[in-house]
Engineer: 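The following block contains the structure, expressed as structure tokens.
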2 protein chains.
Amino acid sequence: MRVLGVDPGLTRCGVGVVDVAPDRTATLVDVVVLRSPTDLSIERRLRRIADGLEAVFDEHRPQAVALERVFARSDVSTIMGTAQISGVAMLIAARRELPVALHTPSEVKAAITGYGRADKKQVGTMVARILGLDAMPKPADAADALALAICHAWRTGGVAGEAVRDAASIGRVEADAPGLTPAQRAWIAAERSAAVSGAARRLRE
Amino acid sequence: MRVLGVDPGLTRCGVGVVDVAPDRTATLVDVVVLRSPTDLSIERRLRRIADGLEAVFDEHRPQAVALERVFARSDVSTIMGTAQISGVAMLIAARRELPVALHTPSEVKAAITGYGRADKKQVGTMVARILGLDAMPKPADAADALALAICHAWRTGGVAGEAVRDAASIGRVEADAPGLTPAQRAWIAAERSAAVSGAARRLRE
């Protein structure tokens, strides 16, 4: 299943494309951060981002589209740009007859890290680990777009997505427990490795 | 100058097209309220409205586009749909290389009625009067879209738009005062006529 994830934004719009196999293994297809200069008019900025999005759709022909569900936050001008870009991305998907799913940031974090309040670094680290990348995708918009795409494939895969959401704390599960997602296994391993290096650091100090 | 005004919305999207002559006379070209069923997915609703908008653009070939500037209000779900549609409308305009202008509701009310806090009925009445229509365009989304288009033509016409905004109360100006816009003259006449019928009604009672 090829999923295109969009972290919508007018200044930076993260777009990630992943292939996810039935065994939930995820492979990076492409990741790009579309930008539009702040000195352009809003309609030209929207067009710039829309053109970039369509180029990614045309090149990689995703089967599904995942977007971050936008909530009202304190900064009104940011919400508007984000909502406008999300409208444009949904329109592009709808015109290609592609299904669109919205996921909240905490759903994405829970699916990817096993923890709904993970920070950006944890998400980025896990995305790199899941996709077998040497480094965390940067900027955060790129990692978020990939996380959305992976989250969508896993959640629509059925049971496992729910299992991840229900595992409120990864501390409660063992890395070799049955039914764990690759993300959960990798995260637990990463946590242990961090704990080990933390211990080593403390020994040195 | 042919202006297309959009009162953006996911459930009802008002679209009005007017021709405005150099002497500021405005003529109705078309007005339509695009709708999308609430039981469709958001992306299909956006597509439905986008298709309708493009049909109006294709049929009437406007030279400029005016949109209501969206502000954050209490109802988050409404803002999102409104912002998404406004993004889609701006994209459609940008892809046709058309200039897009945003006007706040109070700017529109001031330009059309001479009073920035006019209610919907006052705006609708004035729109009908300005365009020489027998009845107020309905629903309010239709009247608002036409008001936006007229407002845009008048405000970009230069001086007069500012003059209208500065006339905080139409009570301070006379109908035959120099520099008044047709809207202001018509509004003052309407106010007087209403006052007269109010007086007549009171006499009968």
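Lettering follows sequence order; numbering is per chain, from 1.
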Engineer: How many angstroms lie between CG in Leu102(B) and CE in Met80(A), if you round to the nearest 0.5 Å?
Structural biologist: 11.5 Å
Engineer: A side-chain contact here means heavy atoms from C-beta on lying under 4.5 Å apart; do Leu91(B) and Gln84(A) qualify?
Structural biologist: no
Engineer: For Arg117(B), check side chain to side chain contact (heavy atoms under 4.5 Å, CB included) against everything at least two apart and list the hits.
Structural biologist: Tyr115(B)
Engineer: Using a heavy-atom distance cut-off of less than 4.5 Å, which residues of residues 45-60 of chain A contact chain B?
Structural biologist: Leu46(A), Arg47(A), Ala50(A), Asp51(A), Glu54(A)
Engineer: Of all residues at least two apart in sequence or in a different chain, which pass the side chain to side chain contact (heavy atoms under 4.5 Å, CB included) check with Val108(A)?
Structural biologist: His103(A), Ile112(A), Ala147(A), Leu148(A), Cys151(A)
Engineer: Among Glu97(B), Met90(B), Arg95(B), which residue meets the side-chain contact (heavy atoms from CB on, under 4.5 Å) test with Glu43(A)?
Structural biologist: Met90(B)
Engineer: What residues of residues 2-12 of chain B sit under 4.5 Å from chain A when only non-hydrogen atoms are counted?
Structural biologist: none
